[in-house]
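Scroll down for the structure; my scribbles are underneath it.
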Amino acid sequence: MIETIKRLVYQAAETVRETSQFSLDRMPEFSIEQPRGTEHGDFSTNAALVLAKKLKIQPFLAASALVENLQKSENIFNKIEIVKPGFINFFLSDHFIQESLRKMSSKKNVSVEPLSSFSIEGSFDEKQDSLSQHKKKFLLEFVSANPTGPLNVVNARAAAVGDTLARLIEASGHTADREFYVNDEGSQIEHLAYSLQSRYLQLLGSEPPKGYKAHGIFWVPADWSLETAEDLYQGEYLKGMAEQIRNGFEKNDSKDELSIFKNLGTSIYGRKIFSFERIALLKNGFGDKLLELIPNEKERIKFLSCTAVIYNVSLQKEVLKRFRLEFQNWFFQSQLGEKVTQTIDHLKEKGHLYEQDGAVWFKSTAFHDDKDRVLIRQDGSPTYFATDIAYHAYKKERGYDKLIDFLGPDHHGYIARTKAAVQALGYPPDSIEIYLIQLVTLLSGGKPVRMSKRAGEFITITELLDDVGVDAARWYFLARHRDTHLDFDLDLAKLQSEENPLYYTQYAYARISSLIRMAEEQGIAIPSRKAVDLTPLQNEAEKSLIKKMAQYPSIIQMASSLREPHHLPRYAVELARTFHSFYTECRILGIPGRKLTDARLFLVFVCKEVLGSVLGLMGIEAVEKM
RNA sequence: GGGCCCGUAGCUCAAUGGAUAGAGCAGCUGCCUUCUAAGCAGCGGGCUGGAGGUUCGAUUCCUCUCGGGCCCGCCA
């Protein structure tokens, strides 16, 4: 419906270009909107206003030119008017609205054509044919939490936003892979292993073993160099892990947790990382013999790192699955291997590096970064940033056209330097997009819950899901713009759960489902798309519902291209409201006239499809009964 | 000192440069002997933090300013 109107406007603009004195090479982007009241028509466009700006002419003049060249098919328009500055308002015929409904249902799953980049040369249809060439491969990286513990609420927000954006991008005709980057190397992982070992040692006795010293609440090797215990992980979950190392992983759970170490370990690292004996020990427990069985401190820490990483990742995977999110790829930093030095060499060849103070620097200021960045430290080891560049290089080498990263707000400094790196590698600036997802402040009892992984104080995603459920969690995260701080009031989320917009939307779906069930009981089937007579649909409630559904493709297109999933819940509520209003006013069953019943039944059936599709994009369950 | 994000109804938040700035919650008034009242219809509620600028038009873009949050390592 909107596409049709938009196409006609484009065609009108083309005619204007061909026949008028205006020198116009490209029709600027414009929008088709649904005005609030009916006095401004069923739909309106600002096309003439943006055109006027481009041509530097009076808006009203541009509007007149467009309207004169608009095909005023009576099958489509009852009336077209030009108003005040230069809005063009379309009043649609009943026939056009009714037939739009028929078209909507013809699409298997509602998808849309990108309308954003049309030049005025070439007709709409030609552009549409070349759509397949515009199909792009997206790679979305998000969550990417360190494998040092359970996922928290901020990760959950990223999970919801990233997943739904991926679905949106797919719905708008591209492909999108989701990727989780696991930082399984570096000092933080080492600290994790030391923290774990310390918890294990604490299980064994009250005094530190020989060669260890007290370090805060931890016991660390006497020659350990770290200055403060703050660098160690204090979370309670490490105690549980330590116990499992002592008692065996299998015993703790009915599931065979051991397969994690065999299967996940192998799939992560592509090779066996634990010997048969080690796996058996993980299974049955080390008892109090860990230090004897792996006497070499360095080897033991490496072993504990791997164990902790694999275990944490497997738990993260599990909870994300519960959150209805599955990543196509889990990419581990340790998989980069030679890639890091290769990438650095590549940058060196291109002349983007220099040496200073015994370190190797990337001249990122050449690409709009604030200052240059170290890639190789004085001690010869690569920085985190260096591995990150290698990782992004590898992403591009895998053939993705567009990389999208979601970062936490504390990483905003990485936006400029990462973009700089991608450009330095020779890729166009628009091949990478990096967005921040702002913090989530959990409110409990009206007071913020402070979250710090190392202090061990945080609400895990599991606790959140236990508390409010997957649907409510996803809805809350998606409903807000990713750029704004989110106050997630746990009490409120629970208390209001009965009058949540989520339930309002699901209720609309359930009502339709119930209706269709009842119709079937009465032997009334959903009429076929081809045969149904839609002419009985004439009152405002019916037409409003059709028009609201007609907006769906442009909502997807907008949310997808802006990378802003929060438009979906808003639209879902609007659609549900329009439906509820229609439902109250129009009876479907038990009315005289089978034709009206059929037409309305078809209407709600399509509405159910659209509602189901919106909820599906949000990863929220569409319930048949409430 | 520098950078990023946010200031919109009592509360939580929308509004891809567009018409009278909108929803939900909270408050008030009506509506269930017929398809789910977890619903509908209606009312009240705003100097969009403030001051300039850009233009046909600014919540949106630019400058300044006030308030809140986050960051600024050869940690990851």
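Convention: sequence-line order gives letters A, B, ...; per-chain numbering from 1.
Annotation: rG52(B) and rA14(B) have their C1' atoms spaced 28 Å apart (nearest Å). Taking the C1' atom of each, rC11(B) and rG46(B) are spaced 15 Å apart, rounded to whole Å. Separation of the P atoms belonging to rU55(B) and rC72(B) is 41 Å when rounded to the nearest angstrom. Nucleotides rC43(B) and rA23(B), compared at atom P, are 11 Å apart to the nearest Å. As rounded to the nearest Å, rG7(B) and rU60(B) have C1' atoms that lie 14 Å from one another.
Enclosure of atom CD in Q58(A) is not indicated, since only 12 or fewer non-hydrogen atoms of other residues, nucleotides or ligands lie within 6.0 angstrom. Atom NE2 of H368(A) has 12 or fewer neighbouring heavy atoms from other residues, nucleotides or ligands inside a 6.0 Å radius. Residue K302(A) qualifies as open at atom NZ: its count of foreign heavy atoms under 6.0 Å is 12 or below.
Ring to ring, F331(A) and F180(A) are not that close: their centroids are 6.0 angstrom or more apart.
Of the nucleotides present, none pairs with rC47(B) by Watson-Crick or G-U wobble criteria with both distances under 3.5 Å. Under the Watson-Crick or G-U wobble criterion, with both distances below 3.5 Å, rG1(B) is paired with rC72(B). Shown here, rG7(B) forms a base pair with rC66(B); the pair counts as Watson-Crick or G-U wobble because both key distances fall under 3.5 Å. Nucleotide rC61(B) has rG53(B) as its partner under the Watson-Crick or G-U criteria, with both atom distances under 3.5 Å. Under the Watson-Crick and G-U wobble criteria, each requiring two contacts below 3.5 Å, nucleotide rA41(B) is paired to rU29(B). Taking a pair to require two hydrogen-bonding distances under 3.5 Å in either a Watson-Crick or a G-U wobble arrangement, rU12(B) pairs with rA23(B).
You'll find the side chain of T418(A) reaches within 4.5 Å of the side chain of D388(A), heavy atoms only.
The existence of a salt bridge linking K395(A) and E179(A) is excluded, since no basic side-chain nitrogen approaches an acidic carboxylate oxygen closer than 4.0 Å.
For S514(A) and rU36(B), the shortest distance from a side-chain N or O to OP1 or OP2 is below 4.0 Å. Taking side-chain N and O atoms only, S561(A) has no distance below 4.0 Å to OP1 or OP2 of rU16(B). The side chain of R577(A) contributes no N or O atom lying less than 4.0 Å from OP1 or OP2 of rC40(B). In this model, the phosphate group of rA14(B) is approached by a side-chain N or O of T484(A) to a distance below 4.0 Å at OP1 or OP2. Using a 4.0 Å cut-off, some side-chain N or O of R377(A) falls inside it from OP1 or OP2 of rA76(B).
In this structure, Y504(A) does not count as stacked on the base of rA38(B) under the 5.5 Å centre distance and 30° plane angle limits.
Both L562(A) and C586(A) lie close to RNA chain B; mapped to their nearest nucleotides by heavy-atom distance, the more 5′-ward contact belongs to L562(A). Nearest-nucleotide assignment on RNA chain B puts the 5′-proximal partner with I88(A), out of I88(A) and H411(A).
Between the CD atom of Q333(A) and the P atom of rA76(B) there is a distance of 8 Å, given to the nearest Å. Rounded to whole Å, atom P of rG39(B) lies 17 Å from atom CG of L515(A). Atom CD of Q34(A) is separated from atom P of rA15(B) by 18 Å (rounded to the nearest Å). The distance from atom OH of Y509(A) to atom C1' of rG39(B) is 19 Å, rounded to the nearest whole Å. Here the P atom of nucleotide rU34(B) and the CG atom of L589(A) are 15 Å apart, to the nearest Å.
In this model, a side-chain donor or acceptor of Y414(A) finds a partner on the base of rA76(B) within 3.5 Å. Side chain N89(A) to base rA19(B): a donor-acceptor pair is found below 3.5 Å. One donor-acceptor pair, N or O on each side, does fall under 3.5 Å between the base of rA19(B) and the side chain of S44(A).
rC62(B) shows a glycosidic angle more than 90° from 0 and is accordingly assigned anti.
Residues meeting the side chain to side chain contact (heavy atoms under 4.5 Å, CB included) test with S560(A), sequence neighbours left out: L168(A), I169(A), S172(A).
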